[in-house]
Structure formats: C-alpha cells, structure tokens
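Proteins get letters first, then strands, A, B, ... in listed order; numbering begins at 1 in each. Everything numeric in this text was worked out from a predicted model, so none of it was measured.
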There are 2 protein chains.
Amino acid sequence: MTRLCTDNSIEMCRDEIVAGYRQWRERTGNNPHCPVRDVLDRMGDKWTTLIVITLAERPHRFSEIHRAVPDISRRMLTQTLRHLERDGMVLRQVFPTMPPSVEYRLTHLGESLLRPLAELIAWADGNHERIMAARVAYDAGSG
Amino acid sequence: MTRLCTDNSIEMCRDEIVAGYRQWRERTGNNPHCPVRDVLDRMGDKWTTLIVITLAERPHRFSEIHRAVPDISRRMLTQTLRHLERDGMVLRQVFPTMPPSVEYRLTHLGESLLRPLAELIAWADGNHERIMAARVAYDAGSG
DNA sequence: CGGGATCCACGCGGATACTG
DNA sequence: CAGTATCCGCGTGGATCCCG
C-alpha cells in the first residue's frame with residue numbers, strides 16, 4: 001500500500017483500496033485498531049479540518065483562530081489543537097510576553113496532509129450538488 | 001475551486017485550499033452549512049468508509065457486508081447503508097425471492113469517491129508510524 | 001491572553017427482542 | 001434473510017466560571 005493513486009483510472013483506485021485493505025486484514029488479523037480510522041476519526045470531528053485549513057494559510061495565534069473559525073468554543077479549540085499537536089500535525093510555540101502569546105503552525109507532517117485534503121475538498125465541492133439532488137429524490141420517493 | 005491539485009507541490013495545494021475556503025466564505029457569508037463538512041462528517045463516522053471499501057470490490061448482499069465488516073451491528077449497517085443510498089453513493093436492489101435477497105452496489109458517484117479516498121488512505125498508511133511516534137513523544141513530554 | 005475545571009444536554013451507537 | 005423497534009450507556013461538545 002505504498003503506491004499512490006496518481007492516474008485517473010477508477011479501476012486502479014479500486015484495486016489499490018481493495019488490495020490494501022486485504023493486506024491490512026491479513027497483516028493484523030482481527031486487530032480492531034485501523035490506522036486509517038485513526039486519521040478519519042480526526043478529519044470527521046467537528047473542528048479539525050477547519051483549523052487545519054486556517055493554519056494552512058499562515059501561523060495563527062490562539063485568538064486569531066478563535067476569530068477565524070466561527071462558533072468554536074475556546075474549550076474545543078484548545079482540545080482540538082492539543083490533539084493536532086499530539087499527532088505531530090501542529091507546532092505550539094509560546095512567547096513569554098505579558099500577556100502571554102502563543103502561536104500555532106502546521107508542521108511538515110501537517111502540511112503533507114493538505115494534498116489528500118485538497119483532493120477530498122475538491123471532490124466534495126464538485127459533487128455537492130449531485131448529493132443534494134440525490135437526497136431530494138430519495139426523500140421524495142420514501143416521503 | 002474547480003481545479004484539481006494534481007501536481008506535487010504542497011504550495012499549490014495550500015493556495016488552492018486557502019483560496020477555495022476564502023471564496024466559499026465570501027459566497028455564503030456566515031452560512032454554517034459547509035458542503036465539505038457534509039462529506040467529512042460521513043467519512044468520519046464509524047462505518048461509512050469500511051462499507052464503501054467493501055462495496056468497492058464488488059456488489060454485496062446485506063449479510064455479506066455484515067460478515068465482511070467485523071463487529072458492526074445490523075442496526076448500524078442498515079442505517080449507514082440508508083445514508084449512503086440517500087446521498088446517491090449506493091444503489092439498493094431488491095430481488096423478490098423467498099427468502100428476500102437485497103444487493104448493494106456503489107453508484108458512479110460512489111465510485112468517484114474512491115480516488116480521493118485512496119489518496120487519504122495512502123497518506124494515513126504512509127504517515128501512521130510518524131503519528132504514533134509523535135504521540136509517544138508528546139505523552140512522554142507532558143507525562 | 002490563553003487557557004483549565006466543572007457541569008450538563010444531546011445524539012451516536014451497542015444490545016436485545018421482534019417481524020415479513 | 002433483511003430488516004424494525006426500543007432501551008440505554010457513554011462520549012462529544014456547549015456553557016459557565018476560574019486562573020496565571
């Protein structure tokens with residue numbers, strides 16, 4: 001599972017995913033801990049992606065992120081940043097000024113996530129209308 | 001936001017994400033409903049990705065998926081399949097046999113998700129060890 | 001300014017039992 | 001076989017207050 005799906009063939013991607021999944025199951029037996037879920041759980045939570053996108057532009061201070069990401073509470077901002085820092089995606093840098101000032105920036109690992117993330121965002125953006133149309137059709141049929 | 005980030009430059013991906021995000025905010029004002037989150041929320045839930053990967057190989061019957069995806073309850077399997085069907089990602093086909101037989105398969109839309117998904121899986125697989133190492137280091141530092 | 005601590009509501013998801 | 005219905009625990013995340 002080290003190949004990258006860089007060409008345009010859906011079949012190649014399917015084969016890659018299927019083969020990779022099969023290999024992982026054979027390697028790990030019934031190990032319930034899947035590295036992919038480890039990542040997807042983070043991506044899927046409420047704030048991680050927005051924060052990563054915000055930090056993609058440039059380093060931000062705590063309050064800057066708080067202003068840039070609408071409606072996030074300080075508690076969840078702190079918690080999400082801690083998770084990202086723990087996973088090596090974000091670097092936290094404290095300046096011992098008064099009042100204190102803390103800067104957050106993406107690490108190289110964090111920046112490397114931008115590429116697959118951009119793919120996913122492009123897909124979501126490009127197929128959002130199709131999905132909404134499918135929902136309308138589904139709800140009309142079973143309504 | 002229709003360009004695809006197909007080359008290797010992190011900078012291009014960053015610019016694309018940042019610009020796309022800015023454009024979306026300008027278009028929608030403070031609309032809290034983000035199409036990207038719509039997708040990521042699904043990807044992040046506990047079972048969607050596993051089911052999509054399972055169906056990527058070939059169509060499956062309900063019980064086949066149930067056997068292929070370890071530990072999922074029938075309730076969550078039904079629920080997740082309904083969500084995927086509603087979003088136009090999965091096609092549900094009932095054969096009026098006795099006992100009943102139902103087949104699920106990916107639609108074209110569902111298959112088109114495989115490409116960005118493969119990218120993300122490759123990233124997760126390729127960087128999992130780095131992430132685990134970062135966690136160990138973090139936990140040791142603040143232990 | 002940049003948090004930590006505490007309390008609480010809500011919804012996801014598991015367990016179990018039942019059905020056409 | 002392919003679901004549906006019901007109950008319930010637990011974790012996520014919001015609100016509020018406190019601190020260096």
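At a non-hydrogen distance threshold of 4.0 Å, Asp45(B), Lys46(B), Trp47(B) from residues 40-49 of chain B come into contact with DNA chain C.
Between Arg82(A) and dG2(C) there is no side-chain N or O to OP1 or OP2 distance below 4.0 Å. Between Ser73(A) and dA15(D) there is no side-chain polar atom (N or O) within less than 4.0 angstrom of OP1 or OP2. Checking the phosphate oxygens (OP1, OP2) of dG3(D), no side-chain nitrogen or oxygen of Thr78(B) falls inside 4.0 Å. Between Thr97(B) and dC1(D) there is no side-chain N or O to OP1 or OP2 distance below 4.0 Å.
Each of Pro100(A) and Gln79(A) lies near DNA chain D, and the nucleotide nearest Gln79(A) is the one positioned closer to the 5' end. Along DNA chain D, the nucleotide closest to Met76(A) and the one closest to Pro99(A) are compared, and the more 5′ of them pairs with Met76(A).
Within 4.0 Å (heavy atoms only), Phe95(B) reaches no atom of the nucleic acid at all.
No salt bridge links Lys46(B) with Asp71(B); every basic N to acidic carboxylate O contact stays at or beyond 4.0 Å. Salt-bridge annotation for Glu111(B) and Arg14(A): present, with a side-chain N of the basic residue lying under 4.0 Å from a carboxylate O of the acidic one.
Atom P of nucleotide dG14(C) and atom CG of Asp71(B) are separated by 9 Å, given to the nearest angstrom. Rounded to an integer number of Å, the gap from Arg37(B) CZ to dG13(D) C1' is 12 Å. As a whole-Å value, the separation of His83(A) NE2 from dG13(D) C1' is 11 Å. In this entry the distance linking CZ of Arg92(A) with C1' of dC1(C) reads 12 Å, nearest Å. Atom CE in Met98(A) sits roughly 11 Å away from atom P in dG20(D) (whole-Å rounding). Rounded to an integer number of Å, the gap from Glu85(A) CD to dG3(C) C1' is 13 Å.
Met43(B) and Thr49(B) get closest at one heavy-atom pair: O-OG1, 3.2 Å. For the residue pair Ile17(B) and Leu114(A), the shortest heavy atom distance occurs at CD1-O, 3.5 Å.
No side-chain donor-acceptor contact under 3.5 Å links Asn127(B) to the backbone of Arg130(B).
Ring geometry for Phe62(B) against His66(B) counts as tilted: the plane angle lies between 30° and 60°, on a 0 to 90° scale.
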message: Pair His60(B), Tyr104(B) - check side chain to side chain contact (heavy atoms under 4.5 Å, CB included), show working.
response: CA-CA 5 Å; His60(B) 279 65; Tyr104(B) 294 89; 5.7 Å; no

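Residue-to-nucleotide contacts include no donor-acceptor pair under 3.5 Å from the side chain of Arg75(A) to the base of dG4(C).
In this structure, the nucleotide among dA2(D), dG3(D), dG3(C) sitting nearest to the side chain of Arg61(B) is dA2(D).
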